[in-house]
Protein chains: 2
Amino acid sequence: MLSKKTKYGLKALVYMTRKEDNKPVLISEIAESENISKKFLEIILLQLKNSGFLGSKKGKGGGYYLLKDPEQITIAALMRILEGPIAPLPCVSLHFYEKCSDCKTEEACSLNRVMVELRDSMLSVLEKKTLADLSAEG
Amino acid sequence: MLSKKTKYGLKALVYMTRKEDNKPVLISEIAESENISKKFLEIILLQLKNSGFLGSKKGKGGGYYLLKDPEQITIAALMRILEGPIAPLPCVSLHFYEKCSDCKTEEACSLNRVMVELRDSMLSVLEKKTLADLSAEG
DNA sequence: CATTAATCTATCGATTTAGTAGATTTTAAA
DNA sequence: TTTAAAATCTACTAAATCGATAGATTAATG
């Protein structure tokens with residue numbers, strides 16, 4: 001299950017993408033429209049800014065705006081920022097690899113092969129779909 | 001990411017499956033062999049028993065044993081017991097469906113369609129693979 | 001009856017999650 | 001140059017979850 005943080009982050013980005021021009025959007029406007037706690041959304045958008053997806057402007061007329069083309073932003077990339085690893089186990093993660101302490105070797109691990117398969121099937125969707133796909137009318 | 005509970009549970013079941021006969025296996029034997037905290041494993045196996053996957057026998061010669069054919073036990077079924085929902089959002093879950101409070105309708109939810117696709121791609125692996133697949137030598 | 005091994009009860013510390021409160025800084029506009 | 005708007009920063013908090021531990025109880029075997 002995705003955390004609310006990820007869910008809210010994705011929804012906020014879709015909201016911003018659907019705005020015709022690329023002018024700064026108010027946190028409070030997104031929060032109200034998408035039923036998200038404003039303070040929680042602050043944290044989320046700040047994180048997306050620090051990861052290079054969003055820019056911001058303070059003061060009157062300020063807000064957050066997309067820095068990249070929505071078609072260039074995959075759901076996978078966003079999930080790695082907001083949710084962390086996509087892989088079901090650390091030992092099959094491409095971006096957050098860690099050895100499992102309870103396994104002698106990865107070849108000997110009974111779960112490894114199936115989890116690689118699961119990871120790849122998830123990535124086949126998440127690396128293909130972009131913010132532009134989410135924002136397209138259904 | 002799967003919890004350690006799920007990981008340990010799956011590994012324990014693989015261990016039991018690989019035992020030639022279907023005699024009761026000691027918790028402590030599994031715990032030692034798989035590097036799992038014995039007390040934590042107790043909780044996990046008890047849960048698998050209460051869900052109908054395992055039987056148990058107390059006293060000398062006791063332990064846990066499989067109640068079903070490993071080929072009949074899908075990873076998906078085990079994950080639903082140990083981990084909970086497989087779906088990335090409650091509103092796309094087949095077994096644990098819940099309406100999202102922040103969405104007016106599911107059709108209007110920008111995430112719904114992609115998350116259905118993600119769920120189905122995960123299930124295509126998890127419903128196909130069984131305990132027998134995990135237990136087969138690699 | 002003694003031993004073995006599952007089962008039950010009761011915690012526990014650490015971390016994560018989701019959210020709140022309030023002060024500060026930056027910027028645009030009056 | 002002041003004022004108001006809006007992001008940013010600091011600092012909490014309550015609740016849930018995770019992983020693990022300690023010890024008592026019950027059931028089965030020999």
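The sequence lines fix the lettering, A, B, ..., with proteins before strands; numbering per chain opens at 1.
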- request: Rounded off to whole Å, could you give me the CD1-to-P distance for the A:Ile44 and D:dC9 pair?
  value: 16 Å
task: Whole angstrom is fine here: how far is it from CD1 in B:Ile36 over to P in D:dA20?
output: 10 Å
message: Students often get this wrong, so: under 4.0 angstrom with heavy atoms, is A:Leu45 touching a base, only sugar-phosphate, or nothing?
response: nothing
task: Identify whether the distance between the nearest side-chain nitrogen and carboxylate oxygen of A:Glu34 and A:Lys7 falls below 4.0 Å.
output: no
query: Would you say B:Ser28 reaches C:dA5's phosphate, i.e. side-chain N/O to OP1/OP2 under 4.0 Å?
result: no
- request: Assign A:Lys7 to base, sugar-phosphate, or nothing according to its heavy-atom contacts below 4.0 angstrom with the strands shown.
  value: nothing
N/O (side chain, B:Ser56) to phosphate O (OP1/OP2, C:dA5) under 4.0 Å: no
task: Specify the separation, in whole Å, of atom CG of B:Leu26 and atom P of C:dT3.
output: 18 Å
Integer-rounded Å distance: D:dT3 P and A:Lys60 NZ: 13 Å
- request: Verify whether one side chain among A:Lys38 and A:Ser28 offers a donor that lies under 3.5 Å from an acceptor in the other.
  value: no
message: Can you say whether a donor on the side chain of A:Lys39 sits under 3.5 Å from an acceptor on the base of C:dG22, or the other way round?
response: yes
task: Would you mind checking if B:Arg119 and B:Glu127 are paired as a salt bridge, meaning a charged N to carboxylate O distance below 4.0 Å?
output: no
query: Could you state the OH-P distance from A:Tyr65 to D:dA7, rounded to the nearest angstrom?
result: 12 Å
message: Can you confirm if the NZ or CZ of B:Lys5 lies within 45° of the ring axis of B:Phe40 and under 6.0 Å from the centre of its six-membered ring?
response: no
task: Measure from the side-chain heavy atoms of B:Ser37 and tell me the nearest of D:dA20, C:dA18, C:dA6.
output: D:dA20
statement: A:Leu2 atom CG is separated from C:dT17 atom P, nearest whole Å, by 12 Å
query: Where each residue is assigned the nucleotide of DNA chain C containing its nearest heavy atom, which of A:Thr6 and B:Val25 is assigned the position nearer the 5′ end?
result: B:Val25
message: Using a 6.0 Å distance limit plus a 45 degree cone around the ring axis, check whether A:Lys23 lies over the aromatic ring of A:Tyr65.
response: no
message: For D:dA20 and B:Tyr8 - does any side-chain N or O of the residue sit under 4.0 Å from the phosphate oxygens OP1/OP2?
response: yes
- line: Taken to the nearest whole Å, CD1/A:Ile43 to C1'/D:dA7 is 13 Å
message: For a quick test of reading the model: is some side-chain N or O of A:Lys49 closer than 4.0 Å to OP1 or OP2 of D:dA7?
response: no
task: Please figure out whether B:Glu42 or B:Lys4 has its closest DNA chain D nucleotide nearer the 5' end.
output: B:Lys4
- request: Check the distance between C:dA23's C1' and A:Lys58's NZ and give it to me in whole angstrom.
  value: 12 Å
